[in-house]
Amino acid sequence: MTESATTPGATAEFTIVRLLDAPRDLVFRAWTEPGHLTHWFGPRALTTPLSMISTDVRPGGAWGLSVVDGEGNAYPLSGSYREIVPPERLVFTTGDPANGEGALASVVTLTLADLDGKTEMRFHQAGVNTDEAHAEASKAGWVEFFDRLAEHLAAHADSRGVARRLGESPM
């Protein structure tokens, strides 16, 4: 895993690179299908109920979900898709959940490269109204999400790295 953070001007940005032991198509679907997102998106202490996830995976389409704590409090996150090139690139916006006005917080660019059945995932988040401290907290959160993503992907790829659809039994 490679991580870097910089703060050019008034915005903050960072990049996280992970090598995932899963085919690129499966990694892309894990980012765009609610049936996958429910298993990995969010911190370990929270859940992301399937009933609270929506994805309209097309340029201009909206995405939204809520992570829920043990007391039932929901914390919504949302944005829109800007660019979709399956299974190699996904660009989307995300709002700042602490901003009640719903202002755009950042743009995420996800690129997926095939490396002999594994996937190099390059995640770049550039903040629009994000300071460096918020970017550092966001980066730490994404690292935890990506640990969960790696675990989820391992459960959905067979021993040869071939993707299985949700609900299929291991071979």
Side-chain angles (χ1 to χ4, degrees), residues 1-6 12-57 61-70 73-84 86-99 104-113 115 118-128 130-157 163 166:
M1 171 173 48
T2 303
E3 301 174 30
S4 62
T6 59
E13 62 184 292
F14 60 89
T15 299
I16 301 170
V17 179
R18 295 283 295 258
L19 182 61
L20 299 167
D21 192 9
R24 186 168 65 159
D25 177 66
L26 178 58
V27 176
F28 188 85
R29 287 187 290 118
W31 275 94
T32 58
E33 294 178 4
H36 285 287
L37 287 164
T38 191
H39 294 285
W40 71 268
F41 197 99
R44 290 189 190 280
L46 305 177
T47 61
T48 308
L50 183 59
S51 64
M52 299 177 113
I53 301 173
S54 64
T55 59
D56 181 6
V57 186
W63 69 271
L65 56 79
S66 289
V67 292
V68 180
D69 67 19
N73 299 307
Y75 304 95
L77 299 168
S78 64
S80 63
Y81 296 105
R82 290 189 168 179
E83 183 181 344
I84 297 122
E88 61 192 58
R89 185 173 167 89
L90 186 64
V91 180
F92 61 92
T93 64
T94 181
D96 180 353
N99 181 337
L104 175 68
S106 62
V107 176
V108 170
T109 302
L110 182 75
T111 54
L112 305 172
L115 298 176
K118 295 183 180 185
T119 302
E120 179 187 81
M121 180 182 76
R122 181 172 298 274
F123 175 94
H124 180 80
Q125 184 170 14
V128 174
T130 304
D131 62 24
E132 188 169 358
H134 188 236
E136 287 299 318
S138 179
K139 181 173 72 171
W142 284 113
V143 168
E144 182 177 356
F145 290 19
F146 298 159
D147 289 345
R148 294 184 69 200
L149 172 61
E151 293 163 9
H152 172 71
L153 292 169
H156 289 281
L166 286 175

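All heavy atoms count here, side chains included; hydrogens, waters and symmetry mates do not.
Under the 3.5 Å distance criterion, the side-chain polar atoms of S78 are left unmatched by any main-chain donor or acceptor of G64. Looking at T48, its side chain does come within 3.5 Å of a backbone N or O of F41 through a donor-acceptor pair. The main-chain N or O of H124 is never found under 3.5 Å from a side-chain atom of T109 such that the two would form a donor-acceptor pair. Here the side chain of T55 pairs a donor or acceptor atom with the backbone of T32 at under 3.5 angstrom. Although no hydrogens or angles enter the test, the distance criterion places a donor-acceptor pair under 3.5 Å between the side chain of T93 and the main chain of S80.
Using cut-offs of 30° and 60° for the angle between ring planes, the F145 and W142 rings count as perpendicular.
Residues T38 and P49 approach most closely at OG1-C, 3.8 Å, considering heavy atoms. V107 and R82 make their closest contact through CG2-NH1, 3.4 Å (heavy atoms, listed as atom of the first residue, atom of the second, distance). The heavy-atom pair separating T119 from R24 by the smallest distance is OG1-N, 2.9 Å. The minimum heavy-atom distance between A150 and R18, with the atom names listed, is CB-NH2, 4.2 Å. Pairing each heavy atom of V67 with each of G42, the nearest pair is CG1-CA, 4.1 Å. The minimum heavy-atom distance linking S106 with G127 is given by the pair CB-CA, 3.7 Å.
W63 is listed as a side-chain neighbour of L77, based on a closest heavy-atom distance under 4.5 Å.
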### Task
Begin from the C-alpha positions of Q125 and T94 and carry the test side-chain contact (heavy atoms from CB on, under 4.5 Å) through to its verdict.
CA-CA 9 Å; Q125 184 170 14; T94 181; 3.7 Å; yes

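Here the NE2 atom belonging to H39 is positioned 11.5 Å from the CG atom belonging to L153, to the nearest 0.5 angstrom. With rounding to the nearest 0.5 Å, the separation of CG in L37 from CE in M52 is 14.5 Å. With rounding to the nearest 0.5 angstrom, the CG atom of L112 is 11.5 Å from the CZ atom of R122. Here the CD atom belonging to E33 is positioned 9.0 Å from the CG atom belonging to L26, to the nearest 0.5 angstrom. We find the CZ-CD1 distance between F92 and I84 to be 11.0 Å, quoted to the nearest 0.5 Å. With rounding to the nearest 0.5 Å, the separation of CD1 in I16 from CG in L110 is 11.0 Å.
Aromatic ring centres of F28 and W31 lie farther apart than the 6.0 Å criterion allows.
Applying the salt bridge (Lys or Arg N to Asp or Glu O under 4.0 Å) test to pairs two or more places apart or on separate chains, those with a residue in residues 38-57 are R44-E151, D56-R58.
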